[in-house]
Amino acid sequence: MKPAPFEYADPLKVADVLQLLRERGDEAKILAGGQSLVPLLNMRMAQPELVVDINRVDGFDSLDNAHGLTIGPTVRQRRVERDQEVVRSQPLLAEAIQWVGHAQIRTRGTVVGSLAHADPAAEMPVVWQCLDGTLEISSSDRSRTVAAREFFVHIMTTDLDPDEMVVGACLPPMGSDTGTAFLEVARRHGDFAMVSVATALALDGDMCRFASIAIGGVAPVPLRASQAERFLVGEKTIDETFIEAGVRAAAETDPPTDIHGSADYRREVAGALVERALGIAAGRARERAGFVDARS
Amino acid sequence: MRGHDMSDRREVIATVNGERRAELVAPRLLLSDFLRGHLGLTGTHVGCEHGVCGCCTVLFDGEPVRSCLMLAVQASGHEIDTVEGLSDGKVLHPLQEAFRREHALQCGFCTPGILMTLTAFLRDNPSPSRDEIRGALSGTLCRCTGYVNILNAVESYLEPGIGGTP
């Protein structure tokens with residue numbers, strides 16, 4: 001038996017979860033997929049007094065793709081990657097999710113749990129940051145919606161108060177002139193990213209109309225390379241543009257040095273991935289626009 | 001609220017390898033330890049105990065999971081399949097037979113997790129490429145590094161007419 005003793009509750013109603021959080025606050029930990037929490041329990045790096053297992057909560061497994069995507073707190077990553085509607089409408093999420101651990105991890109792991117855990121090397125926060133996703137947050141007496149930009153505060157630290165939880169994670173619908181790409185460098189597939197990059201590019205003919213670049217693993221929270229984004233708007237979608245954007249994006253990062261790689265190496269990789277991801281995203285945007293035109 | 005393990009026990013009622021099992025357990029008991037210690041199903045091996053090695057992979061409602069990253073109480077109302085469920089104890093499952101034939105195990109420690117992973121993978125993808133098999137194996141570590149023979153075993157299993165085949 002590895003984890004330290006804890007009280008265990010598995011409520012069936014969201015109101016009961018929120019009531020427990022109100023009463024117990026910091027003493028309580030929410031257990032969704034458990035792919036981050038249970039290792040921490042096993043190593044006793046986390047020793048919560050109370051574990052609130054939300055896997056039996058009615059309605060938490062909802063996946064709504066009607067007006068943008070809204071993902072409930074117990075929706076597994078595996079379900080998202082297998083949902084053909086989601087794969088079609090949110091290709092960046094579908095591409096990034098392949099990089100989350102291994103199939104056995106994604107069978108249990110949840111999208112919302114990964115966002116709430118806010119590991120700086122995790123993929124889901126990078127996607128939310130890139131697509132200006134939002135998080136629906138509730139406590140027993142209030143609800144609010146927070147943009148990804150404000151949600152991620154520091155390493156494994158979010159804007160959540162101790163009595164609050166994320167009850168939904170949302171992505172806006174993707175424009176028909178937009179292409180996206182996700183790239184990552186890790187020591188082995190399934191390991192945490194050394195650097196990951198998510199991009200979205202909207203085109204107006206052969207010009208960039210809009211650009212979004214999010215980089216993971218180079219800062220305490222996923223970084224938006226806003227100077228590179230601004231540079232891209234109005235530029236031609238040619239290799240030289242993407243090379244320059246990569247150089248600018250790399251200059252915006254301030255990565256850490258650790259045993260997996262030096263700061264200089266990470267910065268170099270970030271620039272190269274941004275350049276490549278933009279090229280791929282532009283190609284996909286063109287394909288998508290062509291596809292839509294052909295159908296109309 | 002420490003030390004409440006005894007008074008705080010909860011009942012787990014789960015279907016394990018097709019049989020209904022009911023046990024009283026502490027909430028902190030891991031599913032892997034429940035299978036091994038309480039049910040005596042020691043075929044599920046425990047390696048790293050933090051979700052990296054894949055040795056403890058079992059099927060949870062038919063899907064592969066790390067049993068060291070789940071609590072036993074979470075299994076209540078669900079179906080668990082372990083390596084013991086693959087064969088009747090007399091005749092090997094055709095996939096196990098292929099592993100034997102191709103020398104796809106040396107020490108055998110990782111084998112149960114790999115077999116359970118492949119059981120779900122081959123059910124969903126009955127004619128995978130070698131690269132797809134390699135991808136499916138990426139979540140399980142073999143420290144004897146016998147990966148090539150494992151790949152060969154899966155291909156041998158898929159070859160019609162050899163051993164039992166789907």
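Keep in mind that the numbers below use all heavy atoms, side chains included, and drop hydrogens, waters and symmetry copies. Below, read A as the first sequence line, B as the second, and so on, with proteins coming before strands; counting in each chain starts at 1.
Counting all heavy atoms, side chain and backbone alike, B:Thr117 lies closest to A:Gln104 at OG1-NE2, 3.0 Å. Considering every non-hydrogen atom in both A:Tyr8 and B:Leu71, the closest pair reads CE1-CD1, 4.0 Å. Residues A:Arg56 and B:Val73 approach most closely at NH2-O, 3.4 Å, considering heavy atoms.
Judged by distance alone, the side chains of A:His189 and B:Ser138 never bring a donor and an acceptor atom under 3.5 Å apart.
Contact annotation for B:Ser76: both backbone and side-chain heavy atoms come within less than 4.5 Å of a heavy atom of chain A. For chain A, the nearby part of B:Phe60 is the side chain; its heavy atoms alone come within less than 4.5 Å. Within the 4.5 angstrom heavy-atom criterion, only side-chain atoms of A:Arg82, from C-beta onward, approach chain B. Only the side chain of B:Asp124 has a heavy atom closer than 4.5 Å to any heavy atom of chain A.
Side-chain contact check for A:Asp10 versus B:Arg10: some heavy-atom pair is nearer than 4.5 Å. Using a 4.5 Å heavy-atom cutoff, the side chains of B:Val52 and A:Pro39 are not in contact. Residues A:Arg108 and B:Leu69 form no side-chain contact, since every pair of their non-hydrogen atoms from C-beta on lies 4.5 Å or further apart. At least one side-chain heavy atom of A:Leu31 sits less than 4.5 Å from a side-chain heavy atom of B:Gln74.
Judged purely by atom type and a 3.5 angstrom limit, A:Thr107 has no side-chain atom pairing as donor or acceptor with the backbone of B:Glu63. Not a single donor-acceptor pair under 3.5 Å links the side chain of B:Arg28 to the backbone N or O of A:Phe6. Looking at A:Asn42, its side chain never comes within 3.5 Å of a backbone N or O of B:His50 through a donor-acceptor pair. The backbone N or O of A:Glu7 lies less than 3.5 Å from no partner atom in the side chain of B:Asp8, so there is not a single donor-acceptor pair.
Within a 6.0 Å sphere centred on CG of A:Asp258, other residues, nucleotides and ligands contribute more than 12 heavy atoms. Around the OH atom of A:Tyr265, the shell of radius 6.0 Å holds no more than 12 heavy atoms that belong to other residues, nucleotides or ligands. Within 6.0 Å of atom CZ in A:Phe192, 12 or fewer heavy atoms from other residues, nucleotides or ligands are found, so the atom counts as exposed in its surroundings. Within 6.0 Å of CZ in A:Arg187 there are 12 or fewer heavy atoms belonging to other residues, nucleotides or ligands.
Of the listed residues (A:Asp53, A:Val51, A:Leu37, A:Leu41), the one with the most heavy-atom contacts under 4.5 Å to chain B is A:Asp53. For the set B:Gly139, B:Ser32, B:Ala120, B:Gly77, the count of heavy-atom pairs under 4.5 angstrom toward chain A peaks at B:Gly139. Of the listed residues (B:Gly135, B:Gly54, B:Cys68), the one with the most heavy-atom contacts under 4.5 Å to chain A is B:Cys68.
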